[in-house]
Amino acid sequence: MAKPPLSMKPTGWFQIAWSDEIGVGAVHKMKYFGQEMVAWRAESGQLTVMNAYCEHLGAHLGYGGKVVGEVLQCPFHGWQWNQQGRNVCIPYQDRPNRGRRIRTYPVVERNESVYIWHDVEARAPFFEVPDVFADFADGASAADYYPQQRLYEPGLELHPQYVLENGVDFAHFKYVHNTPIVPVFTRHDFDEPVSYVDFTITFEGDDAQSIEDVNSGVEAINGGLGVAVTKSWGMVDNRTISAITPVDESTSDVRFMVYIGRRHGKDPVRAESRAKEVGREVIRQFEQDIEIWRHQRYSDPPGLTTDEYKGFTAIRKWAKQFYPDGIGGSAAEVYAASQKG
């Protein structure tokens with residue numbers, strides 16, 4: 001399995017689970033960024049994500065670890081670790097080991113998803129996880145949509161940047177999805193770590209003429225390389241979340257979520273059934289993209305057409321800030337420099 005030319009340890013927010021996968025008292029095992037991790041939910045409902053190994057003798061806390069109130073107890077010798085990763089109890093000693101700490105990660109739960117902030121230098125977050133409802137500032141909420149539909153594809157040989165670049169790729173609709181859609185971009189904003197891409201939709205007729213439909217469009221918000229949310233209207237009122245999280249130096253987990261807008265005044269049973277069908281179709285089209293990405297080779301420099309040049313060069317320049325290996329400087333450094341100006 002070939003290693004991608006792009007770093008698989010970028011800075012940013014990345015989804016590691018869905019909220020309903022980690023109930024109160026649960027300990028959830030996972031591996032991301034080459035690191036074994038656990039997520040556990042305390043009795044209060046507070047969620048913690050930390051590296052998986054006990055700092056005593058290295059037991060994996062995901063295999064037999066137990067939530068006790070607001071702490072996680074190691075299955076090997078009963079050492080207890082709090083939500084900051086600090087040892088707070090050694091049951092056979094009258095004081096904890098204050099010198100040992102398990103690395104924890106900043107956590108946000110949003111849109112039924114669990115995100116962690118990853119940075120190889122453990123710096124604090126400097127942008128927010130995009131919200132598929134609140135960030136479009138149109139007053140919509142989850143109550144206006146049917147329940148979330150999901151896709152989960154673990155361990156695929158692809159990089160998060162492949163998925164983000166799809167957002168400026170107007171030409172693939174006809175060939176990947178077999179649809180006559182031709183996006184007309186109205187906004188490319190890559191000035192900050194959270195970027196924006198908007199487009200209206202035209203349709204290519206039988207005579208290859210473009211037919212504009214000003215009532216259809218898409219707005220996308222990219223929260224770094226790990227999370228993208230979209231709002232679509234016109235043909236289908238839907239919201240989507242795509243989340244790509246590196247597992248190791250070659251593979252990523254892919255999660256995709258769809259909300260279909262409620263149709264008030266319709267027969268509720270038929271309307272929800274139709275929404276499920278539409279949601280499955282949106283997911284099917286995303287699966288078509290996945291089939292391309294998982295066999296894709298990163299091309300640098302790419303052989304772009306004149307019309308492709310602006311979008312692809314802008315998003316690739318923007319993406320460089322999230323790599324900590326010297327490709328474009330770390331995201332935090334780029335952000336700090338922009339604030340000085």
Side-chain angles (χ1 to χ4, degrees), residues 1-16 31-34 118 150-179 181-183 185 188 190 195 197 199 218 220-230 240-258 281-328 331:
M1 187 177 291
K3 177 181 176 181
L6 297 169
S7 168
M8 292 295 275
K9 294 185 178 180
T11 295
W13 291 102
F14 296 88
Q15 186 178 357
I16 52 89
K31 179 182 178 181
Y32 288 112
F33 305 101
H118 175 264
R150 300 172 176 175
L151 169 72
Y152 175 50
E153 292 285 351
L156 300 184
E157 190 176 354
L158 61 83
H159 190 280
Q161 189 171 320
Y162 298 173
V163 182
L164 267 294
E165 291 187 2
N166 203 59
V168 297
D169 184 0
F170 65 86
H172 82 283
F173 287 94
K174 180 177 180 180
Y175 302 99
V176 178
H177 305 304
N178 196 31
T179 59
I181 293 174
V182 181
F185 290 97
H188 281 158
F190 294 102
S195 64
V197 177
F199 58 85
V218 177
I221 303 174
N222 305 312
L225 298 179
V227 190
V229 299
T230 71
T240 72
I241 308 168
S242 54
I244 319 300
T245 306
V247 174
D248 52 34
E249 286 301 307
S250 301
T251 64
S252 297
D253 284 357
V254 177
R255 293 177 177 85
F256 184 67
M257 293 133 275
V258 182
E281 174 59 20
V282 175
I283 289 173
R284 186 190 70 83
Q285 292 193 20
F286 191 77
E287 289 175 319
Q288 291 175 320
D289 289 321
I290 289 174
E291 185 63 15
I292 300 293
W293 298 327
R294 66 186 300 186
H295 301 291
Q296 183 177 352
R297 180 196 69 181
Y298 186 73
S299 181
D300 187 26
L304 300 171
T305 67
T306 302
D307 290 342
E308 293 170 323
Y309 184 82
K310 181 179 179 181
F312 273 90
T313 54
I315 201 167
R316 288 197 171 188
K317 180 180 179 181
W318 169 82
K320 287 181 179 180
Q321 67 182 293
F322 301 106
Y323 298 111
D325 54 6
I327 296 176

Legend entry - Contact check, side chains of Tyr32 and His118, non-hydrogen atoms, under 4.5 Å: no
Legend entry - From Lys310 atom NZ to Phe185 atom CZ, the distance as rounded to the nearest 0.5 Å: 10.5 Å
Legend entry - Pairwise distance CD1(Ile292) to OH(Tyr175) - rounded to 0.5 angstrom: 13.5 Å
Legend entry - Heavy-atom check, side chain of His172 versus side chain of Asp289, under 4.5 Å: yes
Legend entry - Check ion pair Arg284-Glu287 (N to O, under 4.0 angstrom): no
Legend entry - Side-chain heavy atoms of Asp300 within contact of Arg316, under 4.5 Å: yes
Legend entry - Point-to-point distance, once rounded to the nearest 0.5 Å, from CG of Leu6 to NZ of Lys320: 10.5 Å
Inset, instruction - With sequence neighbours left out, write down each residue that passes side chain to side chain contact (heavy atoms under 4.5 Å, CB included) with Tyr309, or none if nothing qualifies. - result: Leu304, Thr313
Inset, instruction - Please name the pair of heavy atoms, one in Val197 and one in Gly167, separated by the smallest distance, quoted to 0.1 Å. - result: CG1-O, 3.7 Å
Legend entry - Ser7 vs Pro246 side-chain heavy atoms within contact, under 4.5 Å: no
Inset, instruction - Would you confirm whether Thr245, through its side chain, and Gln15, through its main-chain N or O, come within 3.5 Å as a donor-acceptor pair? - result: yes
Inset, instruction - Give me the ring orientation class for Phe14 and Phe33: parallel if the planes are under 30° apart, tilted from 30 to 60°, perpendicular past 60°. - result: perpendicular
Legend entry - Non-hydrogen side-chain atoms of Leu151 and Ile290 separated by less than 4.5 Å: yes
Inset, instruction - Compare all side-chain heavy atoms of Arg150 with those of Met257 and state whether any distance is below 4.5 angstrom. - result: yes
Legend entry - Considering all heavy atoms, the nearest Ser242-Val163 contact: OG-CG1, 4.4 Å
Legend entry - Tyr162 to Arg297 - nearest heavy-atom pair and separation: OH-C, 4.2 Å
Legend entry - Donor-acceptor contact below 3.5 Å, side chain Ser252 vs main chain Leu158: yes
Inset, instruction - Mind checking the CH2-CD spacing from Trp293 to Glu153? Nearest 0.5 Å is all I need. - result: 11.5 Å
Inset, instruction - Check whether any side-chain heavy atom of Leu225 lies under 4.5 Å from a side-chain heavy atom of Trp318, and answer yes or no. - result: yes
Inset, instruction - Enter the distance from Gln321:CD to Thr11:OG1 here, rounded to the nearest 0.5 Å. - result: 9.5 Å
Legend entry - Any Pro154 side-chain heavy atom under 4.5 Å of Asp253 side chain: yes
Legend entry - CD-NZ distance between Glu249 and Lys9, expressed to the nearest 0.5 angstrom: 5.5 Å
Legend entry - Pair Ser195, Asn222: side-chain N/O donor-acceptor within cut-off below 3.5 Å: yes
Inset, instruction - Would you check if the side chain of His159 reaches a backbone N or O of Met8 as a donor-acceptor pair within less than 3.5 Å? - result: no
